[in-house]
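Written out below as structure tokens is the structure these notes cover.
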Amino acid sequence: MSFAEHMIRFVVHDLGEEVPGEVRVVPVPHHLAHAASAYYFSGFTNATVLTVDGSGEFESTVVWRVKNGEFEKVVSLPTYYGSLGLLYEEVSWTIGYDHLEGPGKVMGGLAPYGQRSKYYEKLRSYFRFDDGDYPYYITVDGSRPRVLKDADYREPYRFISNSLFNGRVPWDPPRGDLNRDAVDLAWAVQAITEEAMLRLAEWAREHTNEQYLALAGGVALNAKANMVIHYAKLFSDLFIFPAANDAGTTVGAAAYVYEHILGGKMKRQRLRTGYLGPEYSDDEVRKVVERSRFKAEYIGDDVNEVAELVSKGYVIAWYQGRAELGPRALGNRSIVADPRRADMWRVVNNIKGREWWRPLAPPSLLVEGAGKYFIDPVPHQFMILMFRFREGMKEVVPAVYHVDGTARPQTVAKDENPTWYELIRAFKDITGEGIILNTSFNLAGEPLVETPQNALKSYALEGSTQYTCRGGG
């Protein structure tokens, strides 16, 4: 607690603000902070909340029933024998990735190239779905989940991963051909995660009897598993907090303390925008551009020229407004291309220095036209929920159509991001398609660009085949 107080004082001082004479530190348990982030920004009054991650304190998965802001823990799965997050990390390491690098690439990128195999059958043998006290658990010796405060939490998951494939798969993920062991391992861990998450949602629906569901925790970034829950239609509505990983616990902790400790009252409103980060004025951007070697033209709010360039096959570096909350590019720090051109898959991956097989299936589209492209879509602004494409869409938008017929789209309404909406609408006016390829404005291994200086540096490193535009500036 004293260390936390010291850090708060340091940060306040470092920001140039006056350091308060008294600092009160209120600890909020990890999964409660996750649950608060999902509940308070869902717009639900009563809801089931699932928090699923690697580990927080001694828990990995918690089912909550929340009524009028009161959080009831229905069941908790300890990290030891309960962690989908740690299992996914260990299998991703076996496939060839670092622990924090792998799950995102394995989920949406690599797994769809695999198929059911001995790896899935072996992995599923470690899961129990028939224990009435738990929705699922993982075990290597028949034991049920338990809290072991001095244990190495990764031990059972390393054992499981090594039992699937001893050591690491011998292939070169960035540059090599797809490896059969790698893709089948990826398929196996993704399939069992989807199975476990669906069983978790079913169990929660049965035991909470609530009709609304909210999700948070690192595993809630698994958009494919979220899709399985969506199409199961267990709940009337589903909300996923955009910063579902540990970055979002700060928001959840603040909301919980505000209502439960400080006596405030959170508004019960749905979060519909992730544009909550820093913003830089037109004047600041202009000065940075003028100091650079680039020839620049100010076009104001007229996005028609940009849409025209996209339709002609140019790749656009797009930078505007406030930075996005969460790990997805949502139209303020984005790279934009034409989804109708199949070669854009290769072109954009080459520009960013990404693996050739990685999908570029996070399109952005006009919310009112989502039903043209996807089966049973719902408005979803944050790109952490996949949908299945309708029949025939592979020929229409091949650059954003992944091999399993899915995509992780962002629906865009005019009141949520007017300039971004107008760009997509202008592209539709030219091409007839109200959808664009939208991936994050960064290079492989780097975070999204933040400052104007970041944007120009990343743009320069990406090469000279793109145009850059700041919407509204």
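This one's a predicted model, so the numbers in the text were calculated from it and none came from an experiment.
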Val378 vs Leu385 side-chain heavy atoms within contact, under 4.5 Å: yes
Min side-chain heavy-atom separation Trp187-Leu110 under 4.5 Å: no
Qualifying salt bridge (charged side-chain N to carboxylate O under 4.0 Å, His left out) pairs with a residue from residues 38-51, counting only residues at least two apart or across chains: none
Residues which pass ring pair (Phe, Tyr, Trp, His ring centres under 6.0 Å) with Phe129, listed by chain and number, not counting sequence neighbours: Phe127
Arg128 side chain to Ser125 backbone, donor-acceptor under 3.5 Å: yes
Donor-acceptor under 3.5 Å (Tyr256 side chain, Val251 main chain): no
Gap between atom CG of Asp404 and atom OH of Tyr113 - 0.5 Å precision: 9.5 Å
Phe71 and Tyr39 aromatic centres sub-6.0 Å: yes
Audit row: Glu355, Arg175, salt bridge (Lys or Arg N to Asp or Glu O under 4.0 Å) steps and yes/no: CA-CA 6 Å; Glu355 296 92 335; Arg175 292 168 293 276; over 6 Å; no
Ring center gap for Phe235 and His230 short of 6.0 angstrom: no
Flag side-chain contact, heavy atom, 4.5 Å: Met383 against Ser364: yes
Centroid-centroid under 6.0 Å between Phe374 and Phe389 rings: yes
SB check Glu70 Arg65 (cutoff 4.0 Å): no
Flag side-chain contact, heavy atom, 4.5 Å: Phe239 against Phe382: yes
Polar side chain donor-acceptor pair, Thr79 to Ser55, under 3.5 angstrom: yes
Heavy atoms from other residues, nucleotides or ligands near NZ of Lys372 exceed 12 (cutoff 6.0 Å): yes
Backbone of His34 reached by a side-chain donor or acceptor of Ser37 within 3.5 Å: yes
Beyond-backbone contact of Phe387 with Pro377, side-chain heavy atoms, under 4.5 angstrom: yes
Salt bridge Asp133-Arg144, side-chain N to carboxylate O under 4.0 Å: yes
Side-chain donor-acceptor contact under 3.5 Å, Gln410 with Trp420: yes
Polar side-chain atom of Gln190 near backbone of Ala111 as donor-acceptor pair, under 3.5 Å: no
Student check: side-chain heavy atoms of His402 and Met386 closer than 4.5 Å: no
N/O donor-acceptor pair under 3.5 Å between Arg322 side chain and Gly277 backbone: yes
Inter- and intrachain pairs under side-chain hydrogen bond (donor to acceptor under 3.5 Å, both in side chains), touching residues 196-209, at least two apart: Thr48-Thr208
Side-chain ion pair, Asp237 and Arg270, N-O less than 4.0 Å: yes
Side-chain donor/acceptor of Thr439 to backbone N/O of Leu360, under 3.5 Å: no
Partners meeting side chain to side chain contact (heavy atoms under 4.5 Å, CB included) with Ala4 (sequence neighbours left out): Val25
Whether Phe41 and Phe241 hold their rings parallel, tilted or perpendicular, with breakpoints at 30° and 60°: tilted
Side-chain (Ser143) to main-chain (Val140) donor-acceptor, under 3.5 angstrom: no
Donor-acceptor contact present, side-chain Thr249 to main-chain Asp246, <3.5 Å: yes
Stacked cation flag Arg333 on Trp318, 6.0 angstrom / 45 deg: no
pair Leu50-Thr61: side-chain heavy atoms closer than 4.5 Å: no
Salt bridge present between Glu72 and Lys67 (N-O < 4.0 angstrom): no
Residue pairs fulfilling salt bridge (charged side-chain N to carboxylate O under 4.0 Å, His left out) with at least one residue in residues 374-391, sequence neighbours excluded: Lys233-Asp376
salt_bridge(Asp152, Arg158) N-O dist < 4.0 Å: yes
Non-hydrogen side-chain atoms of Glu59 and Lys73 separated by less than 4.5 Å: yes
Partner set under side chain to side chain donor-acceptor pair (under 3.5 Å) for Thr193, not counting sequence neighbours: none
Atom of Tyr421, atom of Lys414 and distance for their closest heavy-atom approach: CD1-N, 3.4 Å
Pair Arg24 + Glu5, salt bridge at N-O below 4.0 Å: no
